[in-house]
Amino acid sequence: MAEASRWQQPGTSKPKLHYRKDVEIGTTLQELLLYLIFLINLCILTFGMVNPHMYYLNKVMSSLFLDTSVAGDERTNFKSIRSITDFWKFMEGPLLEGLYWDSWYNNQNLYNLHNSSRIYYENILLGVPRVRQLKVRNNTCKVYSSFRSLMSECYDTYTSKNEDLSEFGLSTDTEWKYSSSKTNSPLYWGYVGVYQDGGYIFTLSKSKSETKTKFVDLRLNSWITRGTRVIFIDFSLYNANVNLFCIIRLVAEFPATGGILTSWQFYSVKLLRYVSYYDYFIASCEIIFCIFLIVFTIQEAIKIKEYKFAYFKSIWNWLELLLLLLCFLSISFYAHCNIQTFLLLGKLLQNTEKYSDFYFLAYWHIYYNNMIAITIFFAWIKNMFLAIINDTYAEVKADYAIGRRPDFELGKMIKKGYNDALEKLKLKKAGKDEDKKMRTSEDLAEQARREGFDENEIKRAEQMKKWKERLEEKYYSAEIQDDYQPVTQQEFRELFLYAVELEKELRYISLKLNRVMRKFSALQEK
């Protein structure tokens, strides 16, 4: 992130080469060490949010609500639901038994439940569960004329345009009337549709018997109709032992083809961040991360001000900007999740009889984790570049910083390599009086076309010439009297890229020369 240091000021005596190399390598190692500290801090923040208990909590809850079979029918559980009859069996059986744990295994109340359920005796059911249905209108598709006598109704797949918003059934309670969305929950991508929030909604009671009565009443009055396309079952749990929230969503899709497709989501997340001493250690790492971010932002702003539009010509500078953008987005997501968690928990403690929508918090928390993972990926990409380039070419960088010297005449080497390349491509004739017979680049290009060279070869040769002239003018001009010329990190990258291109060109010329020599040898043998 830092520019190459200027080891010698004008007018001072020139130190020895090995001293400049040692200082240059030392500075490079300091830059790499500083960035490693940033990476370690970022990794601590990322893995500090991961807890092995998350996996076990998801496993326990999925086993309870997905694998538990209906009493007397071992083949029917949530995963195996294929019909409306199976769905109601699950609602009145495994779901009801899994949600309401109001007593110990010997039917004794060993503690005050405060009118709440303790699933597996350790996980508090937050608020009450919610059941939500989305429907489509009749006649949203057309029946072929020959079959209209057999089927007069037609229900298309779910879209917001086809959604049914009218009252139906008993039309007395909320589950028979459409309710618009009042939260910021994201869209749900199912197997056969993309579903929005809102719908025909009802919440379950704190009482197990009242909830069972509600399920029976809905089943007898045909709450699920031919227009039903999806039903969501949402609820949230909190385990104080491991300080984890488990947000659960069970989904049953009713495709237009008939049958039922089930899916589910179990998100175990740590929404209460600062509880233990380890959490406060993570908080200190978050502060350090913000300090690093401010420093790196200032450095990049200085570089943009110095190089202006030339700054954006380097892919590594774009990587720097991408990392900064991802870091700022991660901080924004993190702050938003913490604020919303604080506000939602406050409402929950005020009224435990309502559904608490933790789903959108879990959704954004997962996105935050994914963004941090992408940030770490690009950060390690940059670290590998620094480790390989800065370490392998530290001494080369020091030699470049010396400039034009009798014992290291880089300019003459580049010029000689370029002239040899032109001679082998027959774009330049060798001879003592070659300076007197120089032609313009247009003449050389025209001659090359007449001699059968393709445009790619001509363009490469012209590009090499332009690079050579620009570098000679910048670093090896006769007007420069001082042997020492400092080289910045950006300039070193340009020199390095030029050297790579020169090496590629020489390899190409060597291969072409070998083919010519083989053809010439074959002609001599004939």
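In summary, the side chains of T211 and Y100 do present a donor paired with an acceptor at a separation below 3.5 Å, with no hydrogens or angles considered. With no hydrogens or angles considered, a side-chain donor-acceptor pair links Y188 and S263 at under 3.5 Å. Under 3.5 Å, the side chains of Y158 and E253 contain no donor-acceptor pair of N or O atoms. For the residue pair E306 and Y311, no side-chain donor N or O sits within less than 3.5 Å of a side-chain acceptor on the partner.
Of the residues N58, N239, V269, the one that meets the side-chain contact (heavy atoms from CB on, under 4.5 Å) test with C246 is N58. Just one residue in the list N41, L293, I37 forms a side-chain contact (heavy atoms from CB on, under 4.5 Å) with I288, and that residue is N41.
A salt bridge links D279 with K270: the closest approach of a Lys/Arg side-chain nitrogen to an acidic carboxylate oxygen falls below 4.0 angstrom. Ion pairing of R219 with E92 is present here, as a side-chain N (NZ or NE/NH1/NH2) and a carboxylate O approach within less than 4.0 Å. A salt bridge is defined here as a Lys NZ or Arg NE, NH1 or NH2 lying under 4.0 Å from an Asp or Glu carboxylate O, and K79 with D67 meets this definition. Taking 4.0 Å as the cut-off between side-chain N and carboxylate O, R229 and E163 do not count as a salt-bridged pair. The pair R137-D156 does not meet the salt-bridge criterion, since no charged nitrogen lies less than 4.0 angstrom from a carboxylate oxygen. Taking 4.0 Å as the cut-off between side-chain N and carboxylate O, R273 and E286 count as a salt-bridged pair.
Looking at I294 and F296, their side chains never come closer than 4.5 Å, going by heavy atoms from C-beta outward. For the pair W176/F202, no side-chain contact is recorded, criterion being any heavy-atom separation below 4.5 Å from C-beta on. L237 is listed as a side-chain neighbour of I248, based on a closest heavy-atom distance under 4.5 Å.
Under the ring-ring contact (aromatic ring centres under 6.0 Å, His included) criterion, Y355 pairs with no residue, sequence neighbours left out. Under the rule for a disulfide (SG to SG under 2.5 Å), the partners of C154 that lie at least two apart in sequence or sit in another chain are C141. In terms of the ring-ring contact (aromatic ring centres under 6.0 Å, His included) criterion, F215 has no residue partners (sequence neighbours excluded).
The minimum heavy-atom distance between L170 and D217, with the atom names listed, is CD1-OD2, 4.4 Å. Between F312 and W318, the closest heavy-atom pair is O-NE1, 2.7 Å.
Within the cation-pi definition used here (under 6.0 Å to the ring centroid, within 45° of the axis), K177 does not qualify as a partner of Y200. Note that K135 lies in the cation-pi zone of F168, set by a 6.0 Å cut-off to the ring centre and a 45° limit from the axis. A cation-pi contact, defined as under 6.0 Å to the ring centre and within 45° of the axis, links R249 to Y359. Under the 6.0 Å distance and 45° angle rule, R226 does not count as a cation-pi partner of Y155.
Annotation: Y56, atom OH; neighbour count of heavy atoms from other residues, nucleotides and ligands within 6.0 Å does not exceed 12. Atom OH of Y367 is surrounded by 12 or fewer heavy atoms from other residues, nucleotides or ligands within 6.0 Å. Taking a 6.0 Å sphere around OH of Y191, one finds it holds 12 or fewer heavy atoms contributed by other residues, nucleotides or ligands.
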**Message:** Working note: S207 + S209, criterion side-chain hydrogen bond (donor to acceptor under 3.5 Å, both in side chains); need CA distance, chi angles, decisive distance, verdict.
**Reply:** CA-CA 6 Å; S207 170; S209 58; 3.0 Å; yes
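The distance from atom CD1 of I233 to atom CZ of F235, rounded to the nearest 0.5 Å, is 7.5 Å.
Ring centroid separation for the pair Y363 and F360 does not come in under the 6.0 Å cut-off. Checked against the 6.0 Å centroid criterion, the rings of F65 and F266 do not qualify as a close aromatic pair.
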